[in-house]
Amino acid sequence: MVQNRNKLIGLLIGNISNVIAHEILEKAISFEPEISIKYEKEIRNSFEIAKIYRSKINPINKSLPEKDVQDIKSRIKRIVINELKLRISKGYKGINLDSVDTTIDKKLRELRL
């Protein structure tokens, strides 16, 4: 069961990282509605998948152990910052790396972690 749980946590982290990165990118390019719509769709899809993985890891009405939450948070932050830095190196403008922590906290609260 532990191996399966770790796999589910990894899948949750991947999807929620995708959500957070795309939210930040969407804010950076809000002046381009056609691209913004694609980011919104990606955010919705990944967040729904993340909710499913979250419910499989632990009952929704119970929070995860604090140790797990801190590990998940640090792994998400590393993934998101690396992705955003990659986008910046490709020439993306207006990406706010300072908003990563607040966006992570907001999304983890929405998932009831």
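Below, all heavy atoms of this structure are taken into account, side chains as well, without hydrogens, waters or symmetry copies.
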Practice item. Evaluate side-chain contact (heavy atoms from CB on, under 4.5 Å) for R5 paired with D68, printing each intermediate quantity in order. Key: CA-CA 11 Å; R5 183 177 187 276; D68 287 344; 2.7 Å; yes

Practice item. Test K51 against S55 for side-chain contact (heavy atoms from CB on, under 4.5 Å), laying out the working first. Key: CA-CA 6 Å; K51 284 181 189 178; S55 67; over 6 Å; no

Mind listing the side-chain donor-acceptor pairs of residues 79-86 below 3.5 Å, one per line with the distance, residues two or more places apart or on another chain?
{"from": "N82", "atom 1": "ND2", "to": "R78", "atom 2": "O", "distance (Å)": "3.3"}
{"from": "E83", "atom 1": "OE2", "to": "R87", "atom 2": "NE", "distance (Å)": "2.7"}
{"from": "E83", "atom 1": "OE2", "to": "R87", "atom 2": "NH2", "distance (Å)": "3.2"}

Please output the side-chain donor-acceptor pairs of residues 106-113 that fall under 3.5 Å, not counting sequence neighbours, one pair per line with the distance.
{"from": "K107", "atom 1": "NZ", "to": "E23", "atom 2": "OE2", "distance (Å)": "2.8"}
{"from": "K107", "atom 1": "NZ", "to": "E110", "atom 2": "OE1", "distance (Å)": "3.4"}

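The residues D71 and R75 are annotated as salt-bridged, a charged nitrogen and a carboxylate oxygen being separated by less than 4.0 angstrom. At a threshold of 4.0 Å, the pair K73-D105 counts as salt-bridged, since one of the basic side-chain nitrogens sits closer than that to a carboxylate oxygen.
Residue I76 holds its CD1 atom at 11.5 Å from CG of D101, rounded to the nearest 0.5 Å. Annotation: the span from K77 atom NZ to L97 atom CG amounts to 10.0 Å, rounded to 0.5 Å. Separation of atoms OH (Y92) and CD1 (I29) is listed at 8.5 Å; rounding is to 0.5 Å. In this structure, CZ on R54 lies 15.0 Å from CG on L11, to the nearest 0.5 angstrom. Rounding to the nearest 0.5 Å places CG of L8 at 11.5 Å from CD1 of I52. Summarising the geometry, atom CZ belonging to R44 is positioned 12.5 Å from atom CD1 belonging to I49; distances are rounded to the nearest 0.5 Å.
Although no hydrogens or angles enter the test, the distance criterion places no donor-acceptor pair under 3.5 Å between the side chain of N96 and the main chain of A28. With N18 contributing its side chain and G14 its backbone, the two residues share no donor-acceptor pair below 3.5 Å.
The shortest non-hydrogen separation linking H22 to Y39 is CD2-CD2, 3.1 Å. Contact detail for S17 and I13: the closest heavy-atom pair is OG-O, 2.6 Å.
Looking only at side-chain heavy atoms (C-beta outward), V100 and I104 come within less than 4.5 Å of each other. In this structure, I72 and I16 have side chains that are not in contact, with every pair of non-hydrogen atoms separated by 4.5 Å or more.
Residues I35 and I43 share a single hydrophobic cluster, defined by chaining ILVMFWY side chains whose heavy atoms lie under 4.5 Å apart.
Remark: P33 pairs with no residue by the side-chain contact (heavy atoms from CB on, under 4.5 Å) rule, at least two apart or across chains.
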